[in-house]
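To start, the structure itself, in structure tokens.
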Amino acid sequence: MTATTSPLLNAALNALNQVILGKAHTVRLALTCLLAEGHLLLEDLPGMGKTTLAHALAQVCGLEYKRVQFTSDLLPADLIGASIFDPKTTTFQFHRGPLFTQVLLADELNRTTPKAQSALLEAMEEKQISMDGKSYPLPKPFFVIATQNPQSQSGTFHLPESQLDRFLLRISLGYPDPAVERAMLQGRNGRQLLLQLKPVLSPAELKALQHLVPQIKMTDALLDYIQRLIACTREHERCQVGLSPRGALALVRAAQSWALLQGRGFVLPEDVQAVFVAVAGHRLVGRHEQGEALARLLLSQVDVVGVNRAA
Amino acid sequence: MGCPMNKTITYSGMLWLLAAQFVVMLPFTLYLPWWLIPIMVASVIWRLRVLKGYSAQPNALVKTLLVAMGVGGLVLSGLPFPSLDLMLAVLLLGFAFKSLEVVQLRDGVIVIFLGYLLVALHFLYTQEILAGAYGLLGMTILTGALIGIQPAVTVLNPFETVRSHLKLATLMVLQAIPLMLIIFFLAPRLPPLWSLPMMPGQTKTGISERMTPGDIADLTRSTELAFRATFKNTRPPQAQLYWRGLTLNYFDGKTWQQLPEDYDFINFKNQVKGEYALFNKNFELRGDPIEYEALYVPSGQPWLFTLTPTLNVEGDVIRAADYRVMANTITQSPALIKASSYPQTIRDTKLTHTMRHLASQLPQGSDPRTHELAQRWWRESGQNVERYIKLILHHFRTQEFYYTLSPPLLGDQNTIDAFLFDSRKGFCSHYAGSFVFLMRAVGIPARVVVGYQGGKWNEQGNYLAVYQYDAHAWVEVWQPETGWVEYDPTTAVAPSRVTEGSDAFLAQEEGLLRQSFRAVQNNLPWLSSLSQQLDALQYQWQRWVVGYDHDTQANVLRKWLGDFSITTLTLVILSVFVALGVLWGIWLGLWRKPRLTLEQSLMHELDQILAKKGFKREPAQTVGDFAQQVSSKQADLGKLLQQFAQHFESLCYNPMANKADTTQQLKRLLKQLKKAPITQLGRKIAPLKPSRISEG
């Protein structure tokens, strides 16, 4: 099973890496998130290539892509759509908003009011929209990439923990390496490549791959490790809020997805370690440090095999 | 788990402390100022009001004032300055005030631990069986309080909570009993490291060192126990039970005392020890011994009471020239002796000059009428001592002499004259004193002996209980052929005093109340049998629990363990405790090895092998990662390690893998890794096969 899938995924990764230069790990995480049918939260400063990544991801998978710029005056109807009276049929016609797409880039999610935020987050959870007593299912797959400015910036609405929990992974791109930056400055612009990007995966193939994720095997030894990690987040003295069961499920799902991307039919501790910071970073609340730093700290303290007691 | 526990003591916890402190402090009111209890109760109530929000926690100034008032109270209470009583009172004061500042759990724990100490300290005052039972109760309540002050969420109602705490506490105390028994039986009985100051609460009781007519009457009425005795073979008849305590030689016309001068105990001990009669074999052993054991109630005096003459004795005692047995120190704890007396022995075949001098002394020019009478009788008897004595006793018997416990006063001078010729009413002291006077008046050495006569036989316990009302005075007369011989002039006047015991005799004297009490006792045999049983129980407690000293311990252990040395005993005790400690440790799981799974043990082995080669894997590092890290430094080793990592991953994380094969592979790889050499800076330390080098 993996033997056939890995070339496909590798091709997708290669294509993405051509657009997003020097961010192999982040790109892989983004794809992991897509495969695991989770939503992705990109946290970064403006101009770091968030939109490019989202667009490329949609392009490579052959998915319909829409982008919504979230502003402070955005209303839920701007996202969902509205029922408008049609004088010809004398009925109300539902005009679908930009939410009805396969890949939605919700740009600068924390710039909008909690009301608009919650409209999006509800759609993410239910995968359908209710309007005037009728349900409208969202297209499949429905993948939201939300970007967020670092919260210290002014004019932002802090996303509460409960809503952060809806995102499977949170990643940030960060500044490029000097070598990569030089190449970029020399004119190898990802944006241009983006237009030439051919779909590598068909939606059907993507769907098949997504179905494979839960089938990736996990042994007792691995689950022991995962449970040690989770227990550590809950018991560690520097942790104020540990991983919820939903967070634990997210960790498992992401690790499986990562293993699939590696072309393996079973999960290794490496896979868990690779996704742990992205899964736990926005879910943990530390007493002293930010969630991400805390996640790294915990990761370095939990015994992989369990020879020594967990710290 | 993560949240900090609330460690303040709750309302119910304070109530527990109140109960425990009350139980602990209550018995001390018998010996120390009673107002310490209200202080404690007030402190607790203050604290309770603080908890309810009615009062504020007292600040440092208020606390200092309160403590100063408490200390002032102690000063005013008149306890002597350097004394155990005062130290204990200060401790109790602190104990009472401490509840005012019980806020945190640890404060409560301090109070309770102090309580345990106080329960133990109470035994300084009394070691009776009831005190023991009360101590056990105190321990249980304290343990209950220790449980009660712990912060806990409970679904039980208050009544059930109290019951469950007490149940647990009782269980804990019961669990401690085996350890207590081990310590009781085996722990070495060490002599005290320092001696306690004399407790004023425990005044001197028993026989007085002086005999002034009127003295013993007070004592005779006391129903307190003096000592108990058991006999090994046969019990001597009641009339032979003269328990000798002190001999009084010096008479100043009014008072009989031991020596002309006052001596402190140490000097006195040296004085009597210096003329150790037994050492010089100044006696003639005759007849069969009476073997007995006596356990004395602490009296605050060194005098012990033994049958005449006691020649063999075991215990912490000294023996004096006048055949008396004394405790080596003032008795503050029950003293036990084992002794045998030979009643037919002739004592002092030769009378030393000092002794003769002492036994013949009379005050100058006193009691002329008695001197006259003595001379007359001496002549009448033809200077025969035996006939002379008979004359005297006959005189007591036939003339109007009365035995009474409330005799008239005899004035300060010529007291013997006043008694013999005028009042003719008196008790043992009067008769013994005038008898000795009459003897000395004609030059016969004689002395007054004080002690106890008779005692009450306890059928249940097979022992003799001697009470203070058995106190008696009699005389000893020395003659060259017979040595010292005992005479009891009181029997001439009141024979029933000796034959029936002073208890019966007192009943006739003391009137209705005592008579009716006796009547009740006689008509309700079960009541007297019950009281005898209780007394027997008390005796066994004194004899075996309180009196379990070094010697008894040695005997008991010899019986159980056969011959042993103190070293083996120490070793046995030590090993028992070490074994208990080890068992406890095992139970706690201190040495329980974590049970490793196959992959964990493999990993452990790998870690050890590579640690020897200088590579340390972080616990959080995966094998694959580690292999890469090693590869960057040691290519050969890294290659092996990467193989290991691959197999290890499939063993642990690939459910499809063939476990047996992989395990074998891993074990093989481990062996290889063990043997693999380490290169330094690209050069191999150990010579290797050429093929290996080309591989690298």
Side-chain angles (χ1 to χ4, degrees), chain A residues 1-2 215-226 228-229 231-243 252 255-256 258-259 262-274 276-277 284-287 295-311, chain B residues 1-5 588-611 615-631 641-660 662-663 666 670:
Chain A
M1 127 188 119
T2 48
Q215 294 170 32
I216 303 294
K217 300 282 189 291
M218 288 177 292
T219 58
D220 286 340
L222 184 95
L223 289 173
D224 283 346
Y225 175 54
I226 290 181
R228 275 198 297 278
L229 265 176
C232 185
T233 68
R234 293 170 189 170
E235 286 162 11
H236 202 282
E237 50 165 11
R238 302 181 88 88
C239 275
Q240 197 167 7
V241 175
L243 272 190
V252 165
Q256 283 175 316
W258 182 273
Q262 303 289 62
R264 234 183 298 103
F266 54 92
V267 183
L268 283 182
E270 276 95 335
D271 303 329
V272 179
Q273 291 183 349
F276 183 73
V277 176
L284 296 180
V285 178
R287 286 186 196 284
R296 274 183 227 287
L297 177 79
L298 296 182
L299 205 53
S300 71
Q301 286 188 357
V302 177
D303 199 336
V304 180
V305 191
V307 180
N308 309 305
R309 299 251 162 89
Chain B
M1 256 176 85
C3 69
M5 279 221 284
L588 285 178
L590 285 185
W591 296 282
R592 196 180 299 148
K593 257 196 158 176
R595 290 224 325 203
L596 296 179
T597 57
L598 174 64
E599 56 263 29
Q600 283 170 344
S601 59
L602 282 169
M603 192 66 141
H604 187 63
E605 212 173 320
L606 176 80
D607 283 349
Q608 287 191 325
I609 290 169
L610 281 163
F615 293 100
K616 194 177 174 324
R617 185 183 68 91
E618 291 300 318
Q621 203 173 14
T622 59
V623 212
D625 199 19
F626 186 45
Q628 272 189 349
Q629 189 196 327
V630 173
S631 299
L641 199 53
Q642 268 169 350
Q643 280 181 37
F644 180 90
Q646 249 178 15
H647 284 104
F648 185 81
E649 280 166 359
S650 61
L651 172 74
C652 295
Y653 306 113
N654 187 354
M656 311 295 200
N658 184 335
K659 295 252 175 199
T662 328
T663 312
L666 281 167
L670 274 178

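Note on naming: letters A, B, ... go to the chains in the order of the sequence lines (proteins, then strands), and numbering restarts at 1 for each one.
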Chain B heavy atoms under 4.5 Å from A:Gln240: which part of the residue, side chain, backbone, both or neither?
neither
Taking all non-hydrogen atoms of both residues, which atom of A:Val305 and which atom of B:Gln600 are closest, and how far apart?
O-NE2, 2.9 Å
Correct closest heavy-atom pair for A:Glu270 and B:Asp625 would be OE2-N, 3.8 Å
Between atom CD of B:Glu618 and atom CG of A:Asp303, what is the distance when rounded to the nearest 0.5 Å?
10.5 Å
Between A:Lys217 and B:Pro655 the two heavy atoms that sit nearest each other are CB-CG, 3.3 Å
Sequence neighbours excluded, the answer for side-chain hydrogen bond (donor to acceptor under 3.5 Å, both in side chains) partners of A:Gln262 is A:Arg28
Residue A:Leu299 versus chain B: region with a heavy atom under 4.5 Å:
backbone
From A:Phe266 atom CZ to B:Met656 atom CE, the distance as rounded to the nearest 0.5 Å:
10.0 Å
Applying side chain to side chain contact (heavy atoms under 4.5 Å, CB included) to A:Ala221 and not counting sequence neighbours gives A:Thr219, B:Glu599, B:Cys652, B:Tyr653
Does atom CD (B:Gln643) have a neighbourhood of more than 12 heavy atoms from anything else shown, all under 6.0 Å?
yes
Got more than 12 heavy atoms from elsewhere within 6.0 Å of CG, A:Asp220?
no
Is it the backbone or the side chain of B:Phe648 that comes under 4.5 Å from a heavy atom of chain A, or both, or neither?
side chain
